[in-house]
Amino acid sequence: MADDVQAQKKMAKKLEKQKIPQRTKVQRQVRLFEHLHQYEREVSLTQSLSFRSCTIHPAIVRLGVQYAEGVICGSNARCLAMLVAFKQVIADYTTPAHKELSRDLEARIKPYISFLNQCRLMSVSMGNAIKYLKYNISCGTRDLSEIEAKQNLIDSIDDYIKIKIILPAKAISTFVIEDKKIVDNDVIVVYACSSLVLRVLRTAHENGIKFRVIVIDGRPRMEGKEMLRRLVRAGIKCSYMLINAVSYAMQEATKVFLGAHALLANGCVMSRVGSSQLALVAKSFNVSVLVCCETYKFCERGQTDSFVLNELGDPDDLVNIGNKTAYLSDWRDYNSLTLLNLVYDVTPPEFVSVVITELGLIPCTSVPVVLRMKQVETAET
C-alpha cells in the first residue's frame with residue numbers, strides 16, 4: 001500500500017538493490033485513495049538509466065516506456081507484449097560460468113518485473129503469465145543443455161499465448177454464435193475498446209448475422225473511437241455516443257457486451273471505469289449484460305468495491321478536453337482541488353447475466369470452481 005511507510009521503505013531498498021529507478025512521489029492525491037499508487041508522466045523513469053550501467057534488457061525498457069505512455073493498453077495487449085519481450089530476453093540470455101540456468105535466469109528477470117511494475121501496475125493477466133513463466137523456468141529446464149532449455153522456455157511461452165489468449169478468443173466467438181447470443185436485428189451496446197468483444201462482433205458479422213452496434217465511450221482515454229474505427233472497417237453498422245447518454249442508448253438496446261480486466265473470486269467483474277455504470281443502467285432497463293473473459297484473467301482475490309485495490313492514472317489526463325479551453329490546466333495551484341483518475345471499477349455479479357469463457361457460458365459465481373480445476377491440472381502436470 002502506498003500509505004504504508006514501512007512497506008514503502010522496504011520497496012525503496014529492493015529497487016535500489018536491483019538498480020531500478022523509483023517513481024517520484026506524487027504532489028497531491030485524493031485522501032480517500034492515498035493507499036493506492038498514483039503514476040504521473042511528469043518525469044520519465046528511463047531518464048536516470050545509463051546505457052553503461054543499466055542492467056535492464058532493452059526490450060524491457062522499451063516495453064516499460066510503452067506501458068507508461070499508454071501506447072500499449074488493454075489487458076490482453078499488455079500481457080502479449082510482455083511475453084514477446086521475455087522471449088527476446090530468454091533468446092539473448094547466456095548462463096554465467098559456475099551458475100545454474102534456472103536459478104540465475106529467475107533472478108535475472110526479477111528486476112525486469114519490478115521495472116515494468118514501476119512503469120505501470122501489473123494487470124491480473126500479466127501476473128498469471130509471470131507465475132507460469134517462473135514455474136517453467138524452475139521446473140522445465142532440468143537436465144537440459146542451455147540451448148535446449150532456452151528453446152523449451154520460448155516454446156512454452158508460445159504455447160501459453162496460443163492456449164490462453166488466441167484459442168480462447170476463437171472459442172468464445174464460437175460459443176456466442178452457437179448459443180445465439182447475437183441474432184438478426186440485435187442492437188448491441190459495447191463500452192470502450194475490448195479486443196475480445198471486437199473479435200466476437202467480427203465473427204458474428206462474418207457469419208452473416210445482421211445487427212447494429214452502439215459504442216459507448218468515456219473520458220479520459222476515449223478508447224471507443226478506436227473500437228468504432230475497427231467495427232466500421234469490418235463493415236458493421238455503428239452509432240457512437242458518450243457515457244452520459246447511455247440511458248438513451250439502452251432504450252433500443254437488446255444486449256450489452258463487455259470485456260474484463262479480471263474476474264474476481266467473489267464473482268465481481270473488474271473492468272474499465274464506467275463498465276459498472278453501464279451494467280447498472282442495463283439492469284434497470286432489463287437488458288442482458290454478457291461479459292466476455294478468458295479464464296487466464298480469473299483471480300483468487302475478492303473485492304466488492306473500487307476503492308480497496310485499483311489503479312490511479314495521471315490526473316493531468318483529465319485536464320485535456322480536446323479543442324476546448326483546458327480550464328483545469330492550473331489545478332495544482334489550488335490546494336483545495338484534487339483530481340481523481342480511476343482506471344478500473346468493479347461490477348457486482350447481480351448485474352451480469354452470464355460470463356462467456358473458452359469453457360462455455362458460466363455464472364460469475366463459478367470463478368472459484370474454475371480456479372480449483374486449474375490448480376488440480378497444474379498439480380497433475
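All residue numbers in this chain count up from 1 along the given sequence. All values derive from a computational prediction rather than experimental measurement.
Taking 4.5 Å as the limit, every side-chain heavy atom of L312 sits out of range of all side-chain heavy atoms of N310. Side-chain contact between L290 and L258 is absent, with no heavy atoms from C-beta onward closer than 4.5 Å. Looking only at side-chain heavy atoms (C-beta outward), L196 and E294 come within less than 4.5 Å of each other. A heavy-atom distance below 4.5 Å is found between the side chains of I56 and Y112. Under the 4.5 Å side-chain criterion, counting only non-hydrogen atoms from C-beta, Y296 is not in contact with I163. Within the 4.5 Å cutoff, no side-chain heavy atoms of L36 are placed close to those of E311. In this structure, L201 and V190 have side chains that are in contact, with non-hydrogen atoms separated by less than 4.5 Å. With a 4.5 Å cut-off on side-chain heavy atoms, E300 and P368 do not count as touching.
From Y240, atom OH reaches atom CG of L231 across 12.5 Å, with rounding to the nearest 0.5 Å. Considering CG of N76 and OG of S123, their distance stands at 9.0 Å, rounded to 0.5 Å. To the nearest 0.5 Å, atoms CD (E148) and OG (S145) are separated by 3.5 Å. Between S239 atom OG and I214 atom CD1 the span is 5.5 Å, to the nearest 0.5 Å. Here the SG-CG distance, from C79 to N128, works out to 8.5 Å after rounding to the nearest 0.5 Å. Expressed to the nearest 0.5 Å, how far CD1 of I157 lies from CG of N136 amounts to 8.5 Å.
By the criterion of side-chain heavy atoms lying less than 4.5 angstrom apart, applied directly or through intervening Ile, Leu, Val, Met, Phe, Trp or Tyr residues, L80 is grouped together with L153 in one hydrophobic cluster. In terms of hydrophobic clustering, with Ile, Leu, Val, Met, Phe, Trp and Tyr side chains grouped at heavy-atom distances under 4.5 Å, V281 and V256 are assigned to a common cluster. Taking hydrophobic clusters as Ile, Leu, Val, Met, Phe, Trp and Tyr residues chained together by side-chain heavy-atom distances below 4.5 Å, F86 shares a cluster with F115. Hydrophobic cluster membership is shared by M82 and L133, with clusters built from Ile, Leu, Val, Met, Phe, Trp and Tyr side chains linked at under 4.5 angstrom. In the hydrophobic cluster analysis, where Ile, Leu, Val, Met, Phe, Trp and Tyr join through side-chain heavy atoms closer than 4.5 angstrom, V89 is grouped together with M126.
The pair E358-K164 does not meet the salt-bridge criterion, since no charged nitrogen lies less than 4.0 angstrom from a carboxylate oxygen. In summary, R108 and D104 engage in a salt bridge, as defined by a charged side-chain N under 4.0 Å from a carboxylate O. D155 and K150 are not joined by a salt bridge, as no carboxylate oxygen comes within less than 4.0 angstrom of a charged side-chain nitrogen.
Using bins of under 30°, 30° to 60° and over 60° for the plane-to-plane angle, the ring pair Y160/Y132 lands in the tilted bin.
Listed here is the closest heavy atom pair of C292 and V200: SG-CG2, 4.2 Å. Among all heavy-atom pairs drawn from C238 and L228, the shortest one is CB-CD1, 3.5 Å. Smallest separation of non-hydrogen atoms from S271 and G259: OG-O, 3.0 Å. When all heavy atoms of T347 and A279 are compared, the closest pair comes out as CG2-CB, 3.7 Å. A260 and V291 get closest at one heavy-atom pair: CB-CG1, 4.0 Å. Residue V124 comes nearest to A262 through the heavy atom pair CG2-CB, 3.5 Å, listed as atom of the first residue, atom of the second, then distance.
Counting heavy-atom neighbours within 6.0 Å of N185 CG, excluding the residue itself, gives a total of 12 or less. The local environment of CD1 in I147 is sparse, with at most 12 non-hydrogen atoms from other residues, nucleotides or ligands closer than 6.0 Å. With a 6.0 Å radius and a threshold of 12 heavy atoms from other residues, nucleotides or ligands, R219 has its CZ atom above the threshold. More than 12 heavy atoms of other residues, nucleotides or ligands shown are found within 6.0 angstrom of CZ on R301.
Put simply, the side chain of T254 gets close to the backbone of V187: a donor and an acceptor are under 3.5 Å apart. Distance alone, capped at 3.5 Å, is enough to place a donor-acceptor pair between the Q29 side chain and the F33 backbone. A donor-acceptor pair under 3.5 Å is formed between the side chain of N341 and the backbone N or O of D314. Proximity of a side-chain donor or acceptor of S306 to a complementary backbone N or O of V346 within less than 3.5 Å is detected. In this structure a side-chain-to-backbone donor-acceptor pair under 3.5 Å is missing from D217 to L242. Side chain of D184 to main chain of I209: no donor-acceptor pair is present (N/O by atom type, distance under 3.5 Å, no hydrogens or angles). Under a 3.5 Å cut-off, the side chain of K181 and the backbone N or O of F175 do not form any donor-acceptor pair. With hydrogens and angles ignored, the 3.5 Å screen pairs no side-chain donor or acceptor of Q88 with any backbone N or O of A85. The main-chain N or O of F211 is never found under 3.5 Å from a side-chain atom of H205 such that the two would form a donor-acceptor pair. Put simply, the side chain of D305 gets close to the backbone of F307: a donor and an acceptor are under 3.5 Å apart.
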Checklist entry - How far apart are the C-alpha atoms of Y93 and L101, what are their side-chain angles, what is the distance that settles it, and do they pass the side-chain contact (heavy atoms from CB on, under 4.5 Å) test? => result CA-CA 9 Å; Y93 171 80; L101 181 142; 3.9 Å; yes
Checklist entry - Hey, mind stepping through E223 and R272 against side-chain contact (heavy atoms from CB on, under 4.5 Å) and telling me if it holds? => result CA-CA 10 Å; E223 294 173 305; R272 291 168 179 80; 2.8 Å; yes
Checklist entry - Please walk me through it: do L328 and L318 pass side-chain contact (heavy atoms from CB on, under 4.5 Å)? => result CA-CA 8 Å; L328 292 175; L318 300 172; 5.7 Å; no
Next on the checklist: I'd like to know whether F257 forms a side-chain contact (heavy atoms from CB on, under 4.5 Å) with V189, so could you lay out the CA-CA distance, the side-chain angles of the two residues, the decisive distance to 0.1 Å, and finally the verdict.
Outcome noted: CA-CA 6 Å; F257 275 80; V189 172; over 6 Å; no
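Judged by the 6.0 Å distance and 45° axis criteria, R78 is positioned over the aromatic ring of Y67.
Qualifying side-chain contact (heavy atoms from CB on, under 4.5 Å) partners for A245, counting only residues two or more places apart in sequence or in other chains: M241, Y248.
Applying the salt bridge (charged side-chain N to carboxylate O under 4.0 Å, His left out) test to every pair with at least one member in residues 195-213, sequence neighbours left out, gives these pairs: R212-E252.
Among I356, L361, V354, T174, the single residue meeting the side-chain contact (heavy atoms from CB on, under 4.5 Å) criterion with D179 is L361.
Between S75 and S125, the side chains place a donor N or O and an acceptor N or O closer than 3.5 Å (distance only, hydrogens not considered). For the residue pair E146/Q151, the side-chain donor-acceptor check at 3.5 Å is not satisfied.
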